[in-house]
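All ligand and atom numbering here is 1-based and tracks the order in the structure.
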Amino acid sequence: MAHDDKHRAAIHYIRAKVDQLLGLMGTLPLRPEELDDETLIELDPIGIIGESFGQVITHLNETNHDLQLARNEIRAILDTLQAAVLVTDREDSLADCNRSALDWFFAGANIDSLRGRPLGELCGCWADMAAARAGAERRPQEVTLGGRHLQLIASVINDERGTPVKTVYLFFDISRLKAAEQGLQLYAQVFSHTHEGILITDRQQRIVDANDAFCRITGYALEELIGKTPRLLNSGLHDAGFYAAMWDSLRSQGHWGGEVRDRTRDGEIIPLLENINVVRNAAGEVTHYISVITDITSLKESQARLDFLAHHDVLTELPNRLLFQDRLEQAIERARREGSRLGLLFIDLDRFKNINDSLGHHVGDLLLVAVSQRLRDLLRRADSVARLGGDEFVVLSENLGDPDDACLLAHKIVTAIRQPFRIQDQELHIGCSIGITLFPEDGPDAGVLLRNADTAMYRAKESGRDGFARFSRELSEDVSGKLALENALRVAVREQRFTLHYQPIVTLGQGRVVAAEALIRWPDGPGATPDRFIPLAEETRLILPLGEWILRQALEQYHAWRAAGLALDYMSVNISAVQLAQPNFTERLLVLLDEVGIAGHHLQIELTENILMGDMALSQRVLGGLRGHGVRVAIDDFGTGYSSLSYLKQLPIDNLKVDRSFVRDIPGDPNDSAIAAAIIGLARTLGLEAIAEGIETEEQERFLTEIGCDKVQGYRYARALPAEQFRAFAEGFRILADRAA
Ligand code: C2E
Ligand code: MG
Ligand code: MG
């Protein structure tokens with residue numbers, strides 16, 4: 001074969017091989033061994049073809065390898081991406097997606113099961129995706145899907161002719177960003193709405209921000225603060241040492257907290273509670289200071305108020321026991337040094353409990369305030385008054401020239417308290433009993449002086465209230481104490497160690513004993529009178545068994561007298577508020593009357609106005625029930641309590657007992673005379689009977705006769721007597737009257 005022919009054949013062969021090669025491209029990589037080397041060499045003696053063919057093969061091999069690598073790389077990148085990538089084809093069916101997309105949208109399903117399916121039916125947010133594609137140039141779209149906040153970007157891929165072939169959808173998870181954004185918003189809200197003032201300065205302490213509260217507290221507008229330093233607020237009240245310690249703490253601990261007094265824009269000094277924190281960056285350098293302030297003006301005020309309260313009585317704002325004790329001790333010290341004398345007056349209001357029980361604590365409180373005001377008005381500046389609690393007051397009078405000065409002061413107080421009080425449009429009458437001790441005469445220290453004054457006060461109460469008593473040595477011996485009295489009372493009630501005495505009630509016109517008032521006595525008791533132990537019995541509710549015993553005893557006595565020929569109109573028995581408030585009071589009383597065998601109209605119960613007014617509804621019900629059975633009702637101590645007279649018409653009352661205090665000073669005292677006359681007149685107008693209590697003198701008797709009071713009771717005729725003596729007295733008195741007649 002000629003050389004030219006051979007060469008032509010070779011070229012032909014190569015072309016065929018190249019074609020074959022190109023045809024094989026789909027099944028890469030192609031191995032060079034597949035070509036017949038020998039033939040090649042034979043056909044291509046100079047090796048040019050073989051060489052270029054080898055290069056082609058190698059190149060193809062490398063390209064193929066790189067492509068695969070790039071493809072793997074891209075997939076790896078896509079799969080590790082914290083974003084979902086979805087690729088759709090021309091028909092909007094899923095062409096491909098990454099792992100995040102599988103997880104987020106398709107619950108981790110396999111891509112092969114999804115590929116080729118229309119995205120419209122696969123994806124809940126297809127509408128958003130379509131919108132994103134339509135506005136591909138515009139801002140990224142935000143989508144929420146399964147609790148995730150996603151940002152969606154769509155990008156369309158065109159072929160070489162510009163026809164869209166694929167769309168790539170990218171979803172970025174911006175949930176954390178969103179949360180952070182909300183967090184920041186929250187902080188901003190806290191910053192602007194908190195009650196604490198917040199101030200932020202840079203490292204040079206130039207103010208960069210302050211919240212509304214800070215501006216409100218300091219009075220500065222934000223613009224006035226920005227750029228300044230907190231020295232703007234300096235009050236000048238803290239020394240250099242204070243600020244040095246503050247900076248010390250800021251440097252060493254990054255924090256300072258304490259109380260400061262700053263000056264507001266108006267120049268006012270305000271107390272603040274301040275906390276300063278140092279803010280550092282990652283490198284540990286100071287970037288800011290944050291100061292949080294709280295206005296503690298009101299706290300300071302309440303502290304002062306608390307301090308005041310610890311030493312004062314809330315109601316009357318008088319010094320309390322604690323402060324008084326302190327003052328007394330100091331006064332004693334001074335008196336000891338100067339050799340002077342001081343007087344202590346222990347004041348207890350009479351029948352205050354009645355007011356409280358009947359008109360309510362509110363009225364009681366107002367009365368206490370009024371009493372304390374009256375005491376204040378009465379005293380010299382040098383004297384001090386305190387409230388020890390309840391209705392107990394105490395007055396300290398320093399530099400007394402004469403021991404009698406204390407008595408003069410006591411007299412002034414008793415007289416002042418006796419004047420009526422006007423409380424809530426009602427006129428209230430109250431008295432007080434005062435016990436007096438002197439230093440150095442009656443005790444070496446505050447404790448003994450107070451205790452002895454208390455004892456003397458009880459003496460004043462026992463001798464008829466509304467007066468005063470000086471302490472004496474003998475008195476100190478009967479400091480039985482309330483507790484001892486209560487214990488003794490308990491035993492006495494259990495063992496029925498009481499007796500009843502009876503005070504005659506007489507008619508002046510007929511000169512006859514018409515009735516008896518039963519008054520309790522405690523023969524072997526600790527010397528206490530009913531005025532002292534009855535309130536205690538009420539307080540401890542021992543009055544319930546005691547009261548029942550009294551009623552039965554009195555009714556049986558009345559029955560016995562009757563049987564013996566002493567026919568009184570009725571027996572009068574004192575009843576306490578506690579008894580009246582018992583739910584079955586009426587029933588028990590009626591049963592008792594029945595048991596003893598006495599008609600209702602032979603019993604009179606004595607109640608004070610305050611008891612009756614305490615609970616009008618109750619009074620009406622109980623008294624109404626009793627009236628139905630003929631039981632008589634008398635108002636005891638009339639004129640000392642509630643002065644609204646309207647209740648006289650509302651309640652079934654038979655008898656007014658004019659209080660002893662109005663009788664005591666008649667006819668000398670024109671006031672008392674007028675009151676007594678008015679009460680008698682009132683009783684007559686209302687068709688009620690009136691009894692004047694506590695007649696001791698002939699003048700009193702004459703005056704009462706003149707103003708038309710016929711029934712009387714008092715020492716002038718007889719004290720309360722034991723049953724036997726009463727009977728003798730009553731019969732004798734009748735004889736006396738008969739003789740007079
Ligand atoms: P009251 O019911 O107003 O009794 C009148 C008090 O005045 C009696 O004192 C009586 O002894 C006294 N008195 C009578 N006439 C005169 C007088 O001419 N001059 C003076 N200075 N006083 C006179 P008593 O017995 O110490 O009783 C005091 C209060 O104790 C009574 O006041 C009454 O509120 C209460 N009380 C006495 N006995 C009982 C009782 O059995 N039950 C209840 N619940 N209270 C009683
Ligand atoms: Mg009475
Ligand atoms: Mg009375």
(message) Using modelled atom types and a 3.5 Å cut-off, is there a donor and acceptor pairing between side-chain atoms of Glu556 and backbone atoms of Gln553?
(response) no
Taking 2.8 Å as the cut-off, does [X] contribute an N, O or S atom near the Mg ion (ligand 2), distance below it?
X: Asp637; value: no
X: Asn574; value: yes
X: Glu606; value: yes

Which ligand 1 atoms, with their elements, are less than 4.0 angstrom from a heavy-atom of [X]?
X: Arg521; value: 11 (O), 25 (O)
X: Gly714; value: 15 (N), 18 (O)
X: Ile550; value: 40 (C), 41 (O), 42 (N)
X: Asp637; value: 3 (O)
X: Gln503; value: 14 (C), 15 (N)

(message) So for Thr529, does at least one of its heavy atoms come nearer than 4.0 angstrom to any atom of ligand 1?
(response) no
(message) Is the contact between Glu517 and ligand 1 made by the side chain, the backbone, both, or neither, using heavy atoms and a 4.0 Å cut-off?
(response) side chain
(message) Please state which option from Tyr717, Tyr715, Phe498 has its nearest heavy atom closest to atom 13 (N) of ligand 1.
(response) Tyr715
(request) Could you pull out the closest heavy-atom pair between Arg541 and Pro545, with the gap in Å? (result) O-CD, 3.6 Å
(message) Does the structure place the NZ or CZ of Arg719 under 6.0 Å from the centre of the six-membered ring of Phe729, at an angle of no more than 45° from the ring's axis?
(response) no
